[in-house]
Amino acid sequence: MKLGAKSLDTKGKGVPFKFYTAYYVSTYSRRKAYTLRELLEGVKTADKNTLFHHVFHAVRAKHLLPPRYNNDFARWVGEEVGDEELAAALSDISGAEPATIEDIRKEIVAILEPAADERRGRSEFVFVGMEPVVVETKYVAHTLAEFLDLVEVVPGESILYHFVTRRVLRSAGRNDFSTWLDKNFGLAEVADELSRIDPLAFNSEEALREAILTVLKKRLL
Amino acid sequence: MIERYIQFVGEDEVDAIVKLAERLQDLSILHVNSTAAGGGVAEILNRLVPLMRELGLRVDWRVIRGDQEFFTVTKTFHNALQVGAVEVPRRFYEIYERWQEINANELDLDYDVVFIHDPQPAGLVKYRKRGLWIWRCHIDVSTPNPEVWGFLRRYVSQYDAAIFHIPEFARDDLEIPQLLIPPSIDPLSPKNVELPPTAVERVVQKFDVDPERPILLQVSRFDRAKDPLGVVEAYRLARRRVPGLQLVYLGSPAHDDPEGEAVYRETVEAAGGDPDIHLLMLPPDSHYEVNAFQRAATVVMQKSIREGFGLTVSEALWKKRPVIGGKTGGIKIQVIHGVTGFLATSPRTAAHYAVYLLREKRLREEMGAAGREHVRRNFLITHQLRRYLMAIAYVAKRAMWSD
């Protein structure tokens, strides 16, 4: 079902969508891995923020990773250990809803466990934690029209915060956009289609934004 | 002043910095280091402190004092912490402690948040009466002289948090939170502002370098850690495949570093009178010339064997020059292998990548654009400013989440 451009000035139940943005304080976790076995142990025991950092920062800052790797574990295994097969498997993990950080941990462990031996990286893997610092932006959407317009212009970090960070780290279960569209406007189908987007399929906020916009335009315009 | 950075990072980033600063308006903040001018820390504080004040923050900056003996001690500590194998006489520790006490008596340390930069004033924490104290380490202490680090660690452990450039420099033997903040370049500084092409050509010609032929450039001290002999060897190997290639190694005279002169002489000898090897010694404030050479270079090299952060890499990337870097220290987070340049582990691999880049103009342009974007997103002074504000918010446990 399409709403059409003429029907987007509705305010639904009247709850506005306030866009926030998040930046991340990086912290040293006091854990390093020199071998695949130590990497596996690190993944098993790292706190959720550390795991989140190493898996999702590829979406946040594409240029910190060669684009062929989707997360830090894949890069280390590929470039430092030299096992491209295992790196490819690690690059393929899914971060789509309703995956929590514990689901992602299980998936990485399942891939690493059969291969975790004493092979060493040319340099160590350093586990880095992070803590989000959330900042209010000037952007507020009261209507579907404003929401659609703002999704295109808010900072990329804001897209990632609402679509990924809060869901994964705050165990919100669902991304903020889907929650708002469903609860405030009853747009369950649009919400569901957004929820099917896997953020780990993208290596920049802009690519993720484009995927979200494509769904919104298709469903709303 | 902060508005001038909107052209580089956008209005939303600057808005976020303003909002973060609003959260910290009630706090008094102090920076303490060991020199007002000269050296990377003073350069950063000279830019950061005015920006923080402009955001309405109550920020002061104090410089510790000491006699020649004290600075000999701190220089020795510095070398012992970075290089490891240095003899440190016992009395050096007493001299260090005496000057901490003198400075603690003379300086007003009564602030809500105190940043102590580097080892020289680290011992001031012993005299803290209140406030949150953060030790900002600008050097690589990953493989230090154990005795000197053991001495310093007793002080550092008393801080509320420490900040290092990269995770590899952080310490497993510190229980306090360790934050990671890379340094930054200022796009508005004389070293990084845009230059007219004629000015670039003029500067290069002034030093007898031919702007019409390809230039391989390294900007760094004549220091073994920067591997100048490896750079000459890489150039030689590359020149066999790229006739007409010139090497410019741009350094500064190091009057306080006798080894620097020896390394310079060795490099001159290795150059063997090749007229296309230009080993230039420019005064430390030759920002304009450095800027011009980085813009004139076809490919930039930072072939260090050991490196603190290596901001010359970001300087070159900002000017859209791909960089061949040594796989060490902060170079690894600036040179993304195959994206913003290449990481090399020997003169041969450095030469291999140099030839590849010198031949492929389109690749140079793609990597140059990626390099500038990488710096724009990660290593500009506004990022460092935001990260400092976030560090304060984190240590002071100010609201992190929106709900």
Side-chain angles (χ1 to χ4, degrees), chain A residues 18-32 49-50 53-54 60-69 72 75 78-80 122-139 153-158 161-162 165-166 169-170 172 176 203-206, chain B residues 10-13 15-20 22-23 161-164 166-175 177-182 317 327-328 332-334 336-340 343 345 370-378 383 386-387 389-395 398-403:
Chain A
K18 289 176 80 171
F19 286 88
Y20 289 84
T21 194
Y23 299 97
Y24 302 85
V25 175
S26 298
T27 56
Y28 175 52
S29 71
R30 297 175 68 221
R31 178 182 267 279
K32 294 183 177 114
N49 285 22
T50 300
H53 169 79
H54 288 297
R60 184 161 64 91
K62 62 178 174 178
H63 293 294
L64 281 173
L65 276 178
R68 66 185 182 281
Y69 300 117
D72 289 335
R75 186 206 65 80
E79 284 195 343
E80 301 298 324
R122 285 180 298 174
S123 59
E124 75 272 37
F125 184 93
V126 185
F127 286 88
V128 172
M130 63 89 200
E131 203 59 56
V133 177
V134 180
V135 182
E136 200 177 325
T137 73
K138 63 187 175 195
Y139 304 106
V153 299
V154 296
E157 291 90 347
S158 180
Y161 172 68
H162 288 293
T165 310
R166 263 178 47 82
L169 279 185
R170 301 291 269 182
D176 289 350
N203 65 0
S204 77
E205 299 102 327
E206 293 317 313
Chain B
E11 204 178 321
D12 292 323
E13 171 82 12
D15 279 352
I17 291 170
V18 171
K19 291 249 168 58
L20 278 166
E22 281 170 3
R23 253 183 237 181
I163 301 175
F164 295 94
I166 55 171
E168 285 82 355
F169 294 172
R171 300 282 318 176
D172 287 338
D173 57 1
L174 284 178
E175 300 288 335
Q178 298 176 64
L179 279 58
L180 308 168
I181 301 182
L317 294 176
K327 198 176 174 188
T328 179
K332 290 189 292 184
I333 63 169
Q334 297 172 86
I336 307 303
H337 190 68
V339 179
T340 67
L343 291 169
T345 48
R372 181 169 169 109
E373 178 64 5
H374 183 46
V375 174
R376 192 188 72 77
R377 292 173 65 116
N378 295 294
H383 301 123
R386 172 167 53 71
R387 288 171 179 140
L389 300 179
M390 286 161 56
I392 297 171
Y394 176 81
V395 178
R398 295 286 162 110
M400 308 291 272
W401 287 94
S402 57
D403 53 27

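The chains referred to below are lettered A, B, ... by the order of the sequence lines, with proteins before strands, and numbering in each begins at 1.
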B:Glu11 portion near chain A, given a 4.5 angstrom heavy-atom threshold: side chain
Residue part contacting chain A, namely of B:Arg171, when any heavy atom lies under 4.5 Å: backbone
Toward chain B, the part of A:Lys32 with a non-hydrogen atom under 4.5 Å: side chain
Heavy-atom proximity to chain A below 4.5 Å, by part of B:Asp172: both
A:His53 side chain to A:Asn49 side chain, donor-acceptor N/O pair below 3.5 angstrom: no
Test item: A:Phe127 and B:Pro167 side chains (from C-beta on) under 4.5 Å apart, heavy atoms: no
Choice from B:Leu174, B:Ile166, B:Asp173, B:Ile163 maximising heavy atom contacts with chain A below 4.5 Å: B:Leu174
Pairing of B:Glu13 and B:Arg376 as salt bridge, 4.0 angstrom limit: no
Aromatic contact, A:His54 with A:Phe125 (centres under 6.0 Å): yes
Ring pair (Phe, Tyr, Trp, His ring centres under 6.0 Å) against A:Tyr23, all qualifying residues, sequence neighbours excluded: none
Heavy-atom proximity to chain A below 4.5 Å, by part of B:Pro177: neither
